[in-house]
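To find a chain, count down the sequence lines: A is the first, B the second, and so on, and within it residues start at 1.
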Amino acid sequence: MKFQDNEKIASIFETIADALEFLNENAFKIRAYRNAAESIRNLNESITEIYSKPNPKKIEGVGKDLEQKIKEYIQTQKVAYLDELLEKVPYTLFRLKDIRGLGPRTLYKMFEKYRVRTLEDIKKLVFENDELKDISLLEKSIKKIREGIQLYEEGQSRFPLGVAYPIAKDLVDRVYKIDNVKKVEIAGSVRRGKETVGDLDILICTKDFNSVSKALANLEHKQIIAMGDTKVSLLLSNNMQVDFRLVNEDSFASALQYFSGSKEHNVRLRDIAIKKGFKLNEYGLFEKDKKIETKTEEDIYNALGLCYIKPTLRENKGEIEACLANKLPNVVELGDIKGDLHVHTNYSDGLMSLEEVIQEAIKRNYDYIAITDHSVSSYVANGLSVERLYDQLNEIDKLKDKYKGKIHILAGSEVDIKQNGELDFNDNVLKDLDIVIASIHQGFANSKEINTKRIISAIENPYVNIIAHPTGRLIGQRAPYEIDIQKIAEYAAKHKTALEINSFYLRLDLNDEHARLAKNAGAKICINTDTHTKENLDYMIYGVLTAQRGWIEKSDCLNTLNYSQLKQFLKKH
DNA sequence: GCCGTTTTCGGCCCGACTGTTTTCAGTCG
Ligand SMILES: Nc1nc2c(ncn2[C@H]2C[C@H](O)[C@@H](COP(=O)(O)OP(=O)(O)OP(=O)(O)O)O2)c(=O)[nH]1
Ligand SMILES: [Mg+2]
Ligand SMILES: [Mg+2]
Ligand SMILES: [Zn+2]
């Protein structure tokens with residue numbers, strides 16, 4: 001969350017939209033509230049600050065009316081219109097549209113006829129009745145709602161990218177084995193490299209929709225959610241939903257564009273198409289009823305007067321405007337990565353030996369690799385004492401000789417930032433290392449000010465080169481500790497200390513948004529794996545995707561530099 | 001409720017699947 005006040009106002013507008021939807025208000029009015037909310041979320045400035053200026057800048061999607069409501073919130077910390085709405089409709093009720101198959105209309109009918117207000121009320125209603133004729137819910141509808149409630153109560157939630165991606169790949173392999181399948185592509189949020197995904201979206205190119213969809217329904221599943229002529233949705237045993245979409249070859253490019261999203265990006269593109277006198281859908285780009293030939297996604301973007309936009313950028317977060325202004329970033333690629341600068345061995349809590357790590361790095365064609373085991377106070381992670389650190393340095397010295405000409409090895413450490421902001425090793429030790437990472441592993445509960453200060457003092461240390469996993473979050477497990485990321489990025493830029501994008505899929509820390517902010521503040525970004533096991537080394541791709549989503553270019557990164565450029569940066573002056 | 005500028009009114013992305021519908025509303029992608 002970048003700005004607390006922006007987030008608050010955005011969520012107020014979203015709640016208003018939900019309430020209006022429940023009350024069956026005009027769909028475009030509802031969308032206006034949702035658009036404004038999204039637009040406020042994407043601002044790079046605190047909205048309170050924007051409106052404290054004499055001539056506040058225009059915010060996209062905010063007109064007279066919503067501007068008034070924003071000002072009201074800034075002055076009174078509330079919006080009367082929302083309070084009025086919440087008197088009419090219970091907030092807990094329209095939130096239940098998160099239950100698959102239960103939408104605003106059904107909820108409203110239940111509310112109107114049966115006065116339901118809570119999930120318990122709804123459960124009672126649908127589990128004690130096999131049909132509710134007066135609100136046109138017969139046996140099948142009731143059954144669907146029951147299934148939706150069950151899934152909801154089992155805790156339907158998003159999946160980390162690193163969990164979803166291997167499952168998606170495996171499904172792609174299985175689908176390729178089906179007869180008459182020509183091409184299969186992962187689409188949706190997985191293709192966009194989003195840190196968590198709601199489901200898997202898989203596009204299939206075929207001529208024989210009938211036989212392929214039958215075969216899809218034979219894939220392992222616990223429920224068929226929907227099955228029609230062009231799409232099949234399955235629920236897997238782990239409660240992950242998979243949406244398969246079938247298209248013929250002619251539509252493949254436009255279908256891939258459609259199915260990759262994001263929704264908001266698609267809406268923008270289709271709007272541009274309209275304004276150019278075209279129509280864009282998953283079947284193609286049309287002028288009147290004539291189809292314009294588009295063989296690739298790039299053809300579609302070009303026909304709309306845009307350049308190709310990579311999937312990781314398709315979020316309607318400025319990529320279309322950037323494209324039109326010829327300012328689209330040329331984002332970093334996996335192939336640009338020249339080495340991994342955050343790796344653990346069995347000296348601390350890693351599983352590989354020093355030499356194994358080096359050999360694996362060579363296999364991956366890296367120019368350099370840093371060994372950065374934990375420092376002494378990380379005792380749960382078997383952190384190295386000063387003595388063991390020097391033992392390791394000796395061993396690394398020998399390996400540097402042994403692997404000369406094959407790879408550059410950097411001897412380093414991941415040094416804990418202690419409660420008081422001091423580092424775990426003193427400067428006399430740090431000066432003997434080729435590279436120093438500093439990170440927080442304790443004292444998460446400190447105030448924002450204290451944690452920010454701790455990190456800044458590490459940034460200012462003449463030997464610290466990288467701040468690892470700067471916010472400490474673990475997706476689905478631990479919230480980030482509070483820090484002032486803007487301020488940290490400014491100091492990092494000034495002191496030539498890089499900020500890490502930690503590629504481990506539960507971290508992805510910095511996240512996409514923070515990375516973009518850090519780049520704009522001039523900070524260098526380093527994409528590391530924080531490897532503890534051999535397979536961790538291959539998680540680099542998740543960090544790269546996150547970097548792309550943060551608009552990070554090759555030139556913004558530390559570990560895209562060649563070895564001599566890297567050594568120069570590590571000197572910090 | 002917002003937006004544009006051959007528009008200050010009339011658009012606002014577009015389509016698939018399901019159930020209960022006898023022609024479409026609701027939900028979802
Ligand atoms: N044009 C258009 N496309 C949509 C709409 N909803 C979804 N799509 C497209 C873009 C999405 O990326 C794609 C898959 O839909 P999903 O609901 O699975 O969304 P997505 O994968 O982006 O996010 P997720 O992580 O699954 O929540 O379908 C829509 O309302 N209009
Ligand atoms: Mg999806
Ligand atoms: Mg989907
Ligand atoms: Zn580490």
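- Comparing A:Y81 and A:D229 by the nucleotide of DNA chain B that holds the closest heavy atom to each, the one mapping nearer the 5' end is A:Y81.
- In this structure, CD1 of A:I30 is placed 14 Å from C1' of B:dC2, rounded to the nearest angstrom.
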Please produce a list of atom pairs where a protein N or O lies less than 3.5 Å from an N or O of nucleotides 26-29 of chain B.
{"from": "B:dT27", "atom 1": "OP1", "to": "A:G103", "atom 2": "N", "distance (Å)": "2.8"}
{"from": "B:dT27", "atom 1": "OP1", "to": "A:G103", "atom 2": "O", "distance (Å)": "3.1"}
{"from": "B:dT27", "atom 1": "OP1", "to": "A:T106", "atom 2": "N", "distance (Å)": "3.1"}
{"from": "B:dT27", "atom 1": "OP1", "to": "A:T106", "atom 2": "OG1", "distance (Å)": "2.6"}
{"from": "B:dT27", "atom 1": "OP2", "to": "A:R105", "atom 2": "N", "distance (Å)": "3.1"}
{"from": "B:dC28", "atom 1": "OP1", "to": "A:G101", "atom 2": "N", "distance (Å)": "2.5"}
{"from": "B:dC28", "atom 1": "O3'", "to": "A:R100", "atom 2": "NH2", "distance (Å)": "3.4"}
{"from": "B:dG29", "atom 1": "OP1", "to": "A:R100", "atom 2": "NH2", "distance (Å)": "2.8"}
{"from": "B:dG29", "atom 1": "OP1", "to": "A:Q241", "atom 2": "NE2", "distance (Å)": "3.0"}
{"from": "B:dG29", "atom 1": "O3'", "to": "A:D201", "atom 2": "OD1", "distance (Å)": "3.4"}
{"from": "B:dG29", "atom 1": "O3'", "to": "A:D243", "atom 2": "OD2", "distance (Å)": "3.1"}
{"from": "B:dG29", "atom 1": "N3", "to": "A:Y258", "atom 2": "OH", "distance (Å)": "3.2"}

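- Backbone-only contact: A:L280 has heavy atoms under 4.0 Å from sugar-phosphate atoms and none from a base.
- The residue A:K58 sits close only to the backbone: its heavy atoms come under 4.0 Å of sugar-phosphate atoms, none of a base.
- DNA chain B is contacted by no residue of residues 213-223 of chain A, taking any non-hydrogen atom closer than 4.0 Å.
- For A:D170 and A:R174, the salt-bridge test passes: some basic side-chain N is under 4.0 Å from an acidic carboxylate O.
- Residue contacts for A:N281: at a heavy-atom cut-off of 4.0 Å it reaches the sugar-phosphate backbone alone, with no base atom in range.
- Applying a 4.0 Å cut-off to non-hydrogen atoms, none of the residues of residues 286-302 of chain A approaches DNA chain B.
- Only A:L66, listed by number, bring a heavy atom of residues 66-75 of chain A to less than 4.0 angstrom from any atom of DNA chain B.
- Atom CZ of A:F244 and atom P of B:dA16 are 19 Å apart (whole Å).
- Between A:D83 and the options A:K78, A:K69, A:K88, a salt bridge (charged side-chain N to carboxylate O under 4.0 Å, His left out) holds for only A:K78.
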What nitrogen or oxygen pairs link the protein and nucleotides 6-12 of chain B at under 3.5 Å?
{"from": "B:dC12", "atom 1": "O3'", "to": "A:R31", "atom 2": "NH2", "distance (Å)": "3.0"}

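- Residues of residues 152-175 of chain A having a heavy atom closer than 4.0 Å to DNA chain B: none are found.
- In this model, the phosphate group of B:dT21 is not approached by any side-chain N or O of A:S136 to a distance below 4.0 Å at OP1 or OP2.
- As the counterpart of B:dT8, no nucleotide is assigned, since no Watson-Crick or G-U wobble pattern has both distances under 3.5 Å.
- Projected onto DNA chain B by closest heavy-atom contact, A:L138 and A:G63 fall at different nucleotides, the more 5' of which corresponds to A:G63.
- The interatomic distance linking A:E131 (CD) with B:dG19 (P) rounds to 15 Å, in whole Å.
- The CD atom of A:E25 sits 13 Å away from the P atom of B:dC2 (whole-angstrom rounding).
- Proximity of A:Y283 to the phosphate of B:dA16: a side-chain N or O atom is located under 4.0 Å from OP1 or OP2.
- Of the possible donor and acceptor atoms, none in the side chain of A:K113 sits under 3.5 Å from a partner among the backbone N and O of A:D134.
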task: List the steps, then state whether ring pair (Phe, Tyr, Trp, His ring centres under 6.0 Å) holds for A:F94 with A:Y91.
output: CA-CA 6 Å; A:F94 57 75; A:Y91 176 73; 5.6 Å; yes
